[in-house]
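Keep in mind that the numbers below use all heavy atoms, side chains included, and drop hydrogens, waters and symmetry copies.
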Amino acid sequence: MGYEIKLDIFEGPLDLLLYLIRKNEIDIYNIPIALITEQYLAHLDMMRSLNLDLAGEYLVLASTLLHIKSKMLLPVEEDEHDEDEPDPRDELVRQLLEYQQFKEAALKLETRPLLNRDVFKRGFIAETGADYDDQEMAVELNVFDLVEAFHKIISTVEKGDSLEIDVEKMSLTEKMNDIMERLTEKGDLTFAELLGVSGSKMMLLYTFLAILELMRQRMIRVYQGCSFGVIRVCLAVEA
Amino acid sequence: MEENKTIIEALIFASDNPLSADRVAEIIPDVKKDEINRLIRELMREYEERRGGLYIQEVAGGFQFRSRENLGSWINRMKGGKSLMLSPAAMETLAVVAYRQPVVKAEIDRVRGVDVSGSLRGLLEKKFVRIMGRKDVPGKPIIYGTTKKFLEVFNLKDLSELPTLRELKDLKNET
Amino acid sequence: MEENKTIIEALIFASDNPLSADRVAEIIPDVKKDEINRLIRELMREYEERRGGLYIQEVAGGFQFRSRENLGSWINRMKGGKSLMLSPAAMETLAVVAYRQPVVKAEIDRVRGVDVSGSLRGLLEKKFVRIMGRKDVPGKPIIYGTTKKFLEVFNLKDLSELPTLRELKDLKNET
C-alpha cells in the first residue's frame with residue numbers, strides 16, 4: 001500500500017531500487033534478483049499506467065536487472081564456481097551503495113542550520129553616506145552568468161550569423177590575444193620568435209592559425225626583407 | 001536575555017525595512033504593545049551604553065540596526081574595494097567581447113543592438129577589457145579583447161575554459 | 001568599547017557577505033592580523049555571553065552576524081513563510097558536487113543514475129555551484145565545484161567542515 005503516493009517521489013531508478021530493498025528488508029549484498037526485478041518492473045508498469053513521465057534511465061536499469069537475472073540463472077558447475085568468478089550483482093551493489101552514500105549526505109546537509117530558513121543575516125540597510133550605486137541590480141561575477149548573458153543576446157540576434165563558439169575557437173582566440181600583446185610590447189617580432197617555444201605541436205598549429213587569422217582581419221602585417229630573409233611580423237596599425 | 005527581547009532583537013535585525021512596534025505585535029501576539037515598546041527601548045539603551053559598532057535607530061516609523069555614523073568612512077572603504085560587480089548591461093557587453101574577440105565596437109553595438117560606449121568604457125576602467133590594437137581598414141577601428149585580470153576574476157586558466165553555448169544548451173535539457 | 005573593536009564590529013555588520021580577517025586587515029592596515037583576530041574572538045564571545053537575538057558566526061572563510069537558530073520560526077513568520085529550499089533531486093546533485101569536486105557532469109549523472117542537467121542548471125543559477133574550468137581529457141568537459149555562497153548558506157567554515165561521508169562498509173548494516 002501507499003505505492004501510488006510514493007511513485008513520483010523517487011529521484012531516479014537507483015532510488016526506487018533502494019526503496020524496494022529496504023521495503024523487503026533485503027541484505028544489499030545478497031539481493032534476490034528475481035524478486036527485486038519483478039517488483040521493479042511492476043513499479044514501472046504502475047508508473048506508466050499513471051502516465052508518469054518515465055525517464056529513459058528507469059528502462060536502462062530494468063534491462064540491467066534482467067541481464068543480471070539471466071546471468072544468475074546460468075547453471076554453474078560446482079568446481080567452476082570459484083572465488084575468481086565475480087558475482088554479476090557486484091557492480092550494481094557498488095553503485096547502489098555509492099548512491100546511498102550521497103543520498104544520506106544530502107539529507108544531512110539539509111538538517112544544518114540553513115541561511116534564510118533557520119538563521120538570517122541582517123536585512124537591507126541604507127547607511128548614511130554609503131554609496132550604494134546600483135548594487136542591488138548588480139550581479140556577482142561568474143562564468144555561468146557570462147555565457148548566459150551571451151546566449152541571451154545572440155538568441156535575439158538574426159540567425160545565420162556564425163555565432164557558434166567552441167573550445168577550439170576560444171583556444172585560437174587565446175593565442176591571438178597573446179600574439180597581439182607581445183607585438184604591442186615588442187613592436188615587431190620575427191616569425192620564428194612568435195612560433196618560438198610553443199611547446200606541443202598543437203600549440204604550434206594554433207600559433208600559426210592565429211597569425212593567419214590576424215592577417216586576414218588586418219590586425220597584423222607580415223613581411224620579408226628579401227627572399228629567404230627573416231620573416232617579420234608587426235602590428236598593422238602602429239600602437 | 002529575556003526571550004521576548006531576543007525575538008524582537010532578531011526581528012529588527014533580519015527585517016528588510018525599519019520594523020514598527022505594531023508589526024512586532026502582529027508577529028508575537030502574546031506580548032502586549034506596551035511591553036514590546038518597553039523591550040525595544042531597553043535594547044536601544046543597551047546598544048547605546050555598549051558604545052559598539054552598531055546601534056538601533058528609530059527611523060521611518062520603525063526600528064533598524066545601523067552601523068555608527070562616525071564609522072561610515074571605514075564601511076565605504078570596505079564597499080569601495082568591492083568593484084567586482086557588474087551591471088547586467090556591462091555583463092552583456094563583456095560577454096560579447098569575451099566570446100567574439102578580437103572585436104571592434106561597431107560589432108559589439110550591432111550584436112547588443114545598443115550603443116555600448118558607456119559599458120565599454122566602464123569595462124576598460126575596470127581592466128576587464130583592453131585595447132588590443134587597430135584594424136588596418138578605413139577608419140582604423142579599435143579592436144577590443146579581454147585582459148589577464150578578466151581571466152583571473154572569472155577564475156579561468158585561459159579563454160578556452162569559457163563554457164560554450166552548446167554546453168549551456170545541454171544543461172537546458174530538463175530531465 | 002575600544003575603537004578598533006567598534007570598527008570591526010561595524011564592518012562585519014555592514015558587509016553583505018561573510019567578512020574575512022584578511023579583508024579587515026586590508027581595510028584597517030594599522031592593526032596587526034593577530035590583534036584583529038583577537039578582537040573578532042572577543043566580539044564573538046561577548047555576543048555569546050549576552051545570549052541575545054544575534055551572534056557572530058564563523059562561516060565561508062569569514063564572519064557574519066546572524067540571528068539565533070531557535071528564533072528562525074519567528075523570522076519566517078515576519079518574512080511570510082519559509083523561503084525556498086532545494087528539491088531532493090537538487091540536494092542530491094549538490095551533495096555529489098560538494099563531495100566529489102572538481103567533478104564533471106558525467107560523473108554526477110553516473111552516481112545519481114539520472115541525467116542531472118536540470119538540477120545542475122538550477123544550482124548554477126542559484127549560485128550554489130560554479131564552473132571551475134575544464135578537465136584535460138578528450139572532449140574537455142566542464143568541471144564543477146561549489147561556491148562561497150554554498151558554504152554561507154549551509155553554514156560551513158570551509159569544505160573540510162562537510163560532514164564526513166559514511167563509509168560504504170557501514171552502510172550495508174542498515175539497508
Side-chain angles (χ1 to χ4, degrees), chain A residues 9-18 21-22 25-29 55-58 60-61 93-125 127 130 135 139-140 142-148 167 171, chain C residues 13-14 16 54 57 59 64-73 75-76 79 82-89 91-96 98-100 109-115 124-125 127 129-131 134 139-140 147 149 152-156 162-163 165-169 171-172 174-175:
Chain A
I9 68 157
F10 294 117
E11 302 309 329
L14 294 174
D15 200 22
L16 170 55
L17 207 52
L18 272 182
I21 287 167
R22 211 170 282 141
E25 294 177 351
I26 286 167
D27 172 9
I28 200 164
Y29 283 97
E57 296 99 358
Y58 281 96
V60 173
L61 186 61
V93 169
R94 207 193 47 70
Q95 214 182 336
L96 277 171
L97 286 175
E98 189 183 28
Y99 171 67
Q100 199 192 349
Q101 212 180 12
F102 286 103
K103 196 175 164 58
E104 273 191 15
L107 291 172
K108 225 188 218 167
L109 273 178
E110 243 195 323
T111 62
R112 298 183 65 80
L114 298 191
L115 193 65
N116 295 330
R117 184 188 72 180
D118 311 305
V119 294
F120 295 82
K121 50 183 182 180
R122 64 152 172 76
F124 180 79
I125 46 159
E127 272 155 288
Q135 207 175 337
V139 285
E140 213 180 314
N142 71 67
V143 189
F144 181 70
D145 286 338
L146 193 74
V147 67
E148 272 233 306
V167 180
S171 299
Chain C
F13 171 74
D16 290 323
L54 24 148
Q57 169 83 39
V59 67
Q64 185 172 56
F65 272 103
R66 294 187 161 191
S67 62
R68 289 218 182 267
E69 195 185 337
N70 61 323
L71 304 176
S73 59
I75 296 171
N76 279 317
K79 302 222 171 197
K82 288 195 179 188
S83 53
L84 91 127
M85 237 15 260
L86 297 171
S87 71
M91 277 306 299
E92 285 182 15
T93 300
L94 183 57
V96 180
Y99 284 93
R100 282 281 163 88
D109 285 346
R110 193 191 60 72
V111 172
R112 286 205 48 217
V114 293
D115 178 3
L124 283 160
E125 277 168 358
K127 312 271 188 280
V129 167
R130 69 192 171 99
I131 293 169
R134 290 181 186 282
K140 305 254 178 199
T147 59
K149 185 182 170 191
E152 189 184 339
V153 170
F154 284 83
N155 212 10
L156 298 159
L162 277 172
L165 282 181
R166 209 134 65 90
E167 292 289 328
L168 288 179
K169 59 177 180 340
L171 284 168
K172 70 171 177 189
E174 272 177 47
T175 46

Quick one: does [X]'s side chain get under 4.5 Å of [Y]'s, heavy atoms only?
X	Y	value
Tyr99(C)	Gln101(A)	no
Leu115(A)	Arg66(C)	yes
Asn116(A)	Lys79(C)	no
Asp145(A)	Lys127(C)	yes

| field | Axial cation check for Phe13(C) ring with Arg122(A), 6.0 Å and 45° limits | value |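 Yes, Arg122(A) lies over the aromatic ring of Phe13(C).
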
Heavy-atom proximity to chain C below 4.5 Å, by part of [X]:
X	result
Leu14(A)	side chain
Lys108(A)	side chain
Val167(A)	side chain

Quick check: closest heavy atoms across [X] and [Y], and the distance to 0.1 Å?
X	Y	answer
Asn155(C)	Pro113(A)	ND2-CG, 3.0 Å
Phe154(C)	Leu114(A)	CD2-CD2, 3.4 Å
Leu165(C)	Ala105(A)	CD2-CB, 3.5 Å

Please look at [X] and chain A and tell me whether the side chain, the backbone, both or neither of the residue comes under 4.5 angstrom of a heavy atom of that chain.
X	answer
Arg112(C)	both
Arg110(C)	both
Gln57(C)	neither

| Short question: side chain of Arg166(C), backbone of Gln100(A) - any donor-acceptor pair under 3.5 Å? |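 No, the answer is negative, given that no donor and acceptor are paired below the 3.5 Å cut-off.
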
